[in-house]
Amino acid sequence: MKHILAFLFITSFTWSCSNENESIPAQQINETSDSLYVDSSLVDTLIIIEQSDLREEIDVSKLLAKSNQSFELPLIIDSTFIEKYALQGEEAEYNLTYPEAKYLGFEFPDGDLVSGGSWRINTFIKIDSMKSVGAYEDYLESLDLGQARYCIGQVIGSLAINSQSQMLIWNLDYATYEACPYGYGTYVFGTIFTNGVGTNTCLLAEESGGGDPPSWGEGYMQTEISDTTVTVFSIDSWGEYGDDGEDDIVEKQERTEVLSIGSHGFVMVKKGGGYEY
């Protein structure tokens, strides 16, 4: 009889404990066992970007580590930004290399404005590659009018897009000899990286000019970046100097482009429409 009572007591105790656990709210269970429980709704699906075999192979982690400035959304990249952050000048010590520039400049979105600086990347690649093999001084001695005298490249900083993606912001600065024809320019680019892989690159800002008197031209571009879109505005001016300095012929063109932004890079939404005056 004692054995039967003992069995009934144990069974009753086990059943009551089981019921007790079942009546505990799910939230409380999660709180008391958070080392074992993971809420799947809080875990992002890992985004994989397939890298083209044609793209330059570099140490991406080393490139991203060159970023020493963090920016926040929304962000405006304009003349004030260029003056404060962009590296400029022939004697400046820059940190970008030509293989990294090849990697960054591999792909641009299909736009008129945002892909406009891709040709200047080739100038940097040419000059920095010559410096790497000691051929730059010979290049300067044989330099013809209108050719780039220098071109430098610098990683400026980074901008968080989401939990898996960031934008690396970098710039190029170049100039020819101050003779006719002449040219100069500072260009700011953004490249989207998702889980350590580059997607595509977008020209974000520009201050440039040049001419061959009496003709001249100037370019300006700025960008406003939100959490989902990139809005680009540009104004190009060109003309000819008048004989008396007062009868200059001046024309201007304003254009805008809008892109979406996300883990897969920049995507064109509205190509550069605008007007001349």
[X] vs [Y] side-chain heavy atoms within contact, under 4.5 Å:
| X | Y | answer |
| --- | --- | --- |
| T256 | V232 | no |
| I76 | P74 | no |
| I152 | L172 | no |
| W238 | Q253 | yes |

Between V188 and E206, does a side chain to side chain contact (heavy atoms under 4.5 Å, CB included) hold up when you go through it step by step? CA-CA 6 Å; V188 178; E206 172 186 348; over 6 Å; no
Please answer: with hydrophobic residues joined when any side-chain heavy atoms are less than 4.5 Å apart, are [X] and [Y] in the same cluster?
| X | Y | result |
| --- | --- | --- |
| F233 | L203 | no |
| V133 | I127 | no |
| V258 | V114 | no |
| Y182 | L143 | no |
| L140 | L145 | no |

Please step through salt bridge (charged side-chain N to carboxylate O under 4.0 Å, His left out) for the pair E90 and R149, ending with a clear verdict. CA-CA 8 Å; E90 183 177 8; R149 181 176 85 254; 3.2 Å; yes
So among L75, I261, T191, which one has a side chain to side chain contact (heavy atoms under 4.5 Å, CB included) with M167? I261
Nearest 0.5 Å, what's the [atom1]-[atom2] distance between [X] and [Y]?
| X | Y | atom1 | atom2 | result |
| --- | --- | --- | --- | --- |
| L46 | Q164 | CG | CD | 5.5 Å |
| I169 | Q154 | CD1 | CD | 13.0 Å |
| I125 | E56 | CD1 | CD | 8.5 Å |
| L168 | L104 | CG | CG | 6.5 Å |
| Y98 | C151 | OH | SG | 15.0 Å |
| L113 | S115 | CG | OG | 8.0 Å |

Counting only N and O atoms by type, is there a donor-acceptor contact under 3.5 Å from the side chain of [X] to the main-chain atoms of [Y]?
| X | Y | value |
| --- | --- | --- |
| T223 | A205 | no |
| S67 | L64 | no |
| T199 | F193 | no |
| S208 | Y184 | no |
| E83 | T80 | no |

Please identify each residue that fulfils side chain to side chain contact (heavy atoms under 4.5 Å, CB included) with T186, with sequence neighbours left out. I82, A86, Q88, N171, D173
Restricting to non-hydrogen atoms, name the atom on [X] and the atom on [Y] that form the minimum distance, rounded to 0.1 Å.
| X | Y | result |
| --- | --- | --- |
| A101 | I121 | O-CG2, 3.7 Å |
| D112 | K271 | OD2-CD, 4.5 Å |
| S165 | T194 | OG-OG1, 2.7 Å |
| E254 | I235 | OE2-CD1, 3.8 Å |
| G262 | I192 | O-CG2, 3.6 Å |
| I49 | S263 | CD1-O, 3.8 Å |

Residue pairs, two or more places apart or on separate chains, that pass ring-ring contact (aromatic ring centres under 6.0 Å, His included) and touch residues 54-91: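 Sorted result for residues 54-91: F71-F81, F71-Y85, F81-Y85.
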Please list all pairs meeting ring-ring contact (aromatic ring centres under 6.0 Å, His included) that have one or both residues in residues 248-270, counting only residues at least two apart or in different chains.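 ring-ring contact (aromatic ring centres under 6.0 Å, His included) check on residues 248-270 returns no pairs.
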Given side chain to side chain contact (heavy atoms under 4.5 Å, CB included), test S79 with E207 step by step and report yes or no. CA-CA 7 Å; S79 58; E207 286 185 339; 2.9 Å; yes
Do R55's NZ or CZ and the ring of Y103 fall within the cation-pi criteria of under 6.0 Å and 45°?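 Cation-pi check for R55 and Y103: passes.
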Run the side chain to side chain contact (heavy atoms under 4.5 Å, CB included) check on F124 and L96 step by step: do they pass? CA-CA 10 Å; F124 173 77; L96 197 67; 4.0 Å; yes
With Y94, which residues qualify under side-chain hydrogen bond (donor to acceptor under 3.5 Å, both in side chains), at least two apart? D128, K131
Counterpart residues, ring-ring contact (aromatic ring centres under 6.0 Å, His included), relative to Y139 (two or more places apart): none
Those residues that, when tested against F189, pass ring-ring contact (aromatic ring centres under 6.0 Å, His included) (two or more places apart): W170
Cationic N near anionic O, under 4.0 Å, E100 to K66: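 Yes, this pair counts.
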Can you find a side-chain donor-acceptor pair between [X] and [Y] that sits under 3.5 Å?
| X | Y | answer |
| --- | --- | --- |
| Y220 | Q222 | yes |
| T123 | R120 | yes |
| T229 | S226 | yes |

Could you go through the side chain to side chain contact (heavy atoms under 4.5 Å, CB included) check for E240 and W216 one step at a time? CA-CA 6 Å; E240 292 185 1; W216 59 271; 5.6 Å; no
